[in-house]
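Data first, discussion second: the structure below is written as structure tokens.
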Amino acid sequence: MQTVLSIAIDALAYGMVLFVISIGLSVTMGLMRVVNLAHGAFAMIGGYIASYAARDLGLAYGFAIVLAVFGTILIAIPIERLLYRRIYGAPELTQVLMTIGITFCIIGIANYVFGPTLKTVPLPPQLQGSVDLGFRAIATHRLFAILCGLAVALALWYAIEKTAFGVKLRASVDNAAMAAALGVRTEIVYAVSFAVAVGLAAFGGVVGAELLPVEPYYALRYMVTFLVVVSVGGAGSIPGALLACLLLGGIDTTGRYLMPEFGEFFFYLAVIAIICVFPRGLAGRAKG
Amino acid sequence: MSMTTTNDLIAERPAKHRFGGGDLIGLGVILALAVIGYFLFPNNLALLTRIIAIALLVLSLDLVTGYCGVATLGHAALFGAGAYAAGIVSAHYGINDPIAMLAFGIVAGAIAGLICGAVILRAHGLPQLVLSIALIHLFHEFANKASSWTGGSDGLSGIAPSALIGLYEFDLWGRTAYVFGVVLLVLVFFILRLIVRSPFGMLCRAIKEDPIRIRSMGASPKAALMKMYIISGAVAGVGGALNAISTQVVGLDSLSFTMSAESLVMLVLGGTGSLFGALTGTIVFMFFEDVVSAANPFHWLTMVGALLIAVVLFAPKGLFGTAAAFVARRREAK
């Protein structure tokens, strides 16, 4: 029973971190049809900035998160303007190559600037230790990650379903040309969602730094996981991404706990099985 | 901006001659380069042999990506399958004849091609890409765990190929391995040239352009792509076996995601949809890598990234494709 509970908590925390990072990727992929392999690199940049701010400058954790989110968006804007703009609507191979190129560059630069060692984001005392839930104590940080994931999911749901911007966003996802013809400024919708996606990636990178340690190869190591989440969940679908994250987080964590030697093995087998059964993702709609 | 390939250029030429003058010139260039390489770098034949092995992998990737339009980031699985098969029969079963090892490599590559093709071709677009990545990780993990067979992360050692056709020992300088590699490359190139010009090759190109139309014309895109995947696996298996025979060790890196991604980079650098493009890309990339990564492996990654971005932005047809388009324009102008 104890094992089952600790697996469940860890899986939930891991799944939520995955969700925070990959939901931005899912939305931009559904919206702009860009296979963005560099998304993990933005999460990594967020982790590095937070680590620098909190550990080397000694700033507060909350402040470090804000700095990481806005810093990463600032770094991403010129990249979007100069590079991503040119691959909207291009064939997948082109997009894959361009974004892998960006990822390699960011890894190389991160390694040059910060060195190959692991970077930690020191937690504030409030998030250290554990919380007693009555029947079981769990690490506060895990709880924090889960709450962050829930908050992001709720906020996104509200923004997309209830606000005027959400209406424009959904219209652009469904049919960009028609939305533009009806007066939606699609470039602004694109730019805002790209910025939000990158910001969420950075946020997830910082919050999840305990689970996914920040190091130069972060971008390459977890790239696959993020892509898997999006493709299993179906691009552009929030419930799909949430479901996929919980499912994959559960499979991965369970595998690691029960069969540490074959953990990865089951994860990838599950991925292949899910995609073969649902080629368009769990919540994918029947369109390319 | 689209990733046009040199297919269009080739398709415009009359396809009457299965093996035209251009191909003879191409073969001549390969052989000339091989001879020049032999005399220019007599102490570095191992690198040249490795370039040939990788070139076979890139050629095989070109078959599915360039000619069939299947985007895959897991093609090293086929290469690694060939390498491990050739290595395992030698290290564990004492089959040390290089030709037999090569045959096992080809068969294993083709089987891996069958498996990968069966999985990857089930989806399109992003899911396809993710499937290919999941597959390469699965293969990698499998080889890592089956360490009694593959040596795990230590690599498979104890491969001792006997003399080639009983006459030529594999020497310390790698001369035999190099000549063996050049002969294999020329043979494979010749066969592939026939395949891509055949009606079957044309069918694959047509599937890349418009699969729905091909289906309505009565052909099965899936069957053709599967066939191409198996051929591609056999070619990658040749490369893997050559690598195992020449270096006498097989490491996990031959089944890695990085290897797959790099082979895709090489292909695009040279130009997709053209066998010469695949060769050009491999040679340029490998020499570049040898020079730069000797200086600093991490700057190397930044350079590859920058190179990729530059190719996508400024030469989407790749080096060979851009040059071929330039020559074609000059010809038209005359």
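Values reported hereafter were calculated over all heavy atoms of this structure, with side chains retained and with hydrogens, waters and symmetry mates removed. Residue numbering restarts at 1 for every chain, and letters A, B, ... go by the order of the sequence lines. None of the values given here were measured: they were computed from a predicted structure.
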Can you list the steps and then say if E209(B) with R205(B) is a salt bridge (Lys or Arg N to Asp or Glu O under 4.0 Å)?
-> CA-CA 6 Å; E209(B) 303 293 330; R205(B) 269 186 219 168; over 6 Å; no

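For I272(A), the parts lying under 4.5 angstrom from a heavy atom of chain B are both the backbone and the side chain. Proximity to chain A is absent for every atom of L307(B), based on heavy atoms less than 4.5 angstrom apart. Within the 4.5 angstrom heavy-atom criterion, only side-chain atoms of F257(B), from C-beta onward, approach chain A. For chain B, no part of I106(A) is nearby; none of its heavy atoms comes within less than 4.5 Å.
Chain A forms more heavy-atom pairs under 4.5 Å with one residue of N144(B), L138(B), V304(B) than with any other, namely L138(B).
Legend: residues meeting side chain to side chain donor-acceptor pair (under 3.5 Å) with Y84(A), ordered by chain and number and at least two apart, are N36(A).
Inter-residue side-chain proximity for F287(B) and T282(B) is flagged as unmet; no heavy-atom pair is nearer than 4.5 Å.
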Identify every side-chain donor-acceptor pair in residues 97-105 of chain A under 3.5 Å, counting partners at least two apart or on other chains, and give the distances.
| from | atom 1 | to | atom 2 | distance (Å) |
| --- | --- | --- | --- | --- |
| T99(A) | OG1 | V35(A) | O | 3.3 |
| T99(A) | OG1 | L37(A) | N | 3.3 |
| T99(A) | OG1 | Q95(A) | O | 2.7 |
| T99(A) | OG1 | V96(A) | O | 3.2 |
| T103(A) | OG1 | T99(A) | O | 2.7 |

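Atoms OH and OG1, from Y268(A) and T225(A) in turn, are 5.5 Å apart once rounded to the nearest 0.5 Å.
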